[in-house]
Q: 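My structure is below; once you've seen it, I'll send some questions.
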Amino acid sequence: EEIRRLEALTSASSTVNSTLDLKQLLKLVMELAARTLRAEASSILLKEKATGDLLFDVATGEAADRMKTIRVPRGQGIAGHVAESGQSLLVPDCSKDPRFFKKADEKSQFVTRNIIAVPLVARGETIGVVEVLNRLGGGTFTEDDLRLLQALAHQSAVAIQNAQLFHDLQESFVSTVRALAQAVDARDSYTAGHSSRVTLYSVLIAEELGL
């Protein structure tokens, strides 16, 4: 059992370093989490900055597509509690937990029996929640399962950080190029905007050629 868990962490680490396609990467990590923890489903909910609500960004399992349409209001449900408190939760029987957000099950037509939810922390900020739901074969999740999911959540946070850093680097590069182009244009009012127009025409020509 211990070897199986270590293999899962090694696999997650390799996955995180294999691609910058964040959506695909997180889906692979969540599929790994569900498989390793013998869970019926798994998901990542990300916090919406404007409202603090949680939105399903990645979901696995039969109800995955329906889950992605659900919004969990700030502070509500087990996931909302974890996002606000920053503390992990292991709930052996959701029907007996007053924090359980029943509307999610109603909308997704999924029956949640038990759950582990851990905060997703990037750059010292809780940006979402990672969940696994319903231990297969009966029984409930254990404290060892909780610790493994916390480790996988950390790997997911690393993936998000890497993707964000790559995005920031790209933005910085493009901004630098734009600044240089503007500096060249500014030398002569006659050629002002020349660089941006050449870019526009180049793109139009390339699109017409099917490039």
Q: Between R113 and E40, does any side-chain N to carboxylate O distance fall below 4.0 Å?
A: yes
Q: Could you check whether any side-chain heavy atom of E131 comes within less than 4.5 Å of a side-chain heavy atom of L45, counting everything from C-beta outward?
A: yes
Q: Assess, by modelled atom type and distance only, whether the side chains of S88 and Q150 contain a donor and an acceptor separated by less than 3.5 Å.
A: yes
Q: Would you list the atom pairs, donor with acceptor, under 3.5 Å between side chains in residues 199-211 and any protein atom, with sequence neighbours excluded?
A:
| residue | atom | partner | partner atom | Å |
| --- | --- | --- | --- | --- |
| T199 | OG1 | S195 | O | 2.9 |
| S202 | OG | V198 | O | 2.7 |

Q: So do the side chains of L133 and N114 get within less than 4.5 Å of each other, counting heavy atoms only?
A: no
Q: Measuring from L55:CG to D53:CG, what's the distance to the nearest 0.5 Å?
A: 6.5 Å
Q: Is there side-chain contact between N134 and F110, with heavy atoms separated by less than 4.5 Å?
A: yes
Q: Please give me the minimum heavy-atom distance between T126 and P119, naming the atom from each residue.
A: CG2-CB, 4.1 Å
Q: Step by step, work out the side chain to side chain contact (heavy atoms under 4.5 Å, CB included) result for V132 and F141.
A: CA-CA 9 Å; V132 292; F141 296 108; 4.0 Å; yes
Q: Before giving the answer on salt bridge (charged side-chain N to carboxylate O under 4.0 Å, His left out), spell out for R135 and D145 the whole-Å C-alpha distance, their side-chain angles and the decisive distance to 0.1 Å.
A: CA-CA 10 Å; R135 183 67 181 260; D145 294 330; 2.7 Å; yes
Q: To the closest 0.5 Å, what do you measure between OG (S42) and CD1 (I116)?
A: 11.5 Å
Q: Atom CZ of residue position R197 - does it have more than 12 heavy atoms of other residues, nucleotides or ligands inside 6.0 Å?
A: yes
Q: Scan side-chain atoms only and decide if D144 and T142 contain a donor-acceptor pair under the 3.5 Å cut-off.
A: no
Q: Under 3.5 Å, is there a donor on one side chain and an acceptor on the other for D105 and T112?
A: yes
Q: Distance check, rounded to the nearest 0.5 Å: L89 atom CG versus Q87 atom CD?
A: 8.5 Å
Q: To the nearest 0.5 Å, what is the distance between CZ (F101) and NE2 (H81)?
A: 16.0 Å
Q: Indicate if V82 and L152 have the same hydrophobic cluster label, given that clusters are the connected sets of ILVMFWY residues with side-chain heavy-atom separations under 4.5 angstrom.
A: no
Q: When hydrophobic residues are tied together by side-chain contacts of less than 4.5 Å, even through go-betweens, does V91 share a cluster with V130?
A: no
Q: Less than 4.0 Å between a side-chain N and a carboxylate O, is that true for R71 and E48?
A: yes
Q: Between L54 and L46, is any pair of side-chain heavy atoms under 4.5 Å apart?
A: no
Q: To the nearest 0.5 Å, how far apart are OG1 in T140 and CD1 in I115?
A: 13.0 Å
Q: Can you tell me how far the CD atom of Q109 sits from the CD atom of E106, to the nearest 0.5 Å?
A: 11.0 Å
Q: Linking I/L/V/M/F/W/Y whenever any side-chain heavy atoms sit under 4.5 Å apart, do L37 and L32 land together?
A: yes
Q: Answer yes if the side chains of E31 and T60 hold a donor-acceptor pair under 3.5 Å, and no otherwise.
A: no
Q: Same cluster for L90 and I78 if Ile/Leu/Val/Met/Phe/Trp/Tyr side chains link at under 4.5 Å?
A: no
Q: Can you name the nearest heavy-atom pair linking V58 to M30, along with the distance?
A: CG1-CG, 4.0 Å
Q: Looking at S108, is its backbone amide N or carbonyl O close enough to the side chain of R66 to form a donor-acceptor pair, meaning the two atoms are under 3.5 Å apart?
A: yes
Q: So do the side chains of I44 and V129 get within less than 4.5 Å of each other, counting heavy atoms only?
A: no
Q: Hey, any chance V72 and M67 share a hydrophobic cluster, counting ILVMFWY side chains that come within less than 4.5 Å of each other, even indirectly?
A: yes
Q: Contact between V118 and L146 at the side-chain level, heavy atoms closer than 4.5 Å - yes or no?
A: yes
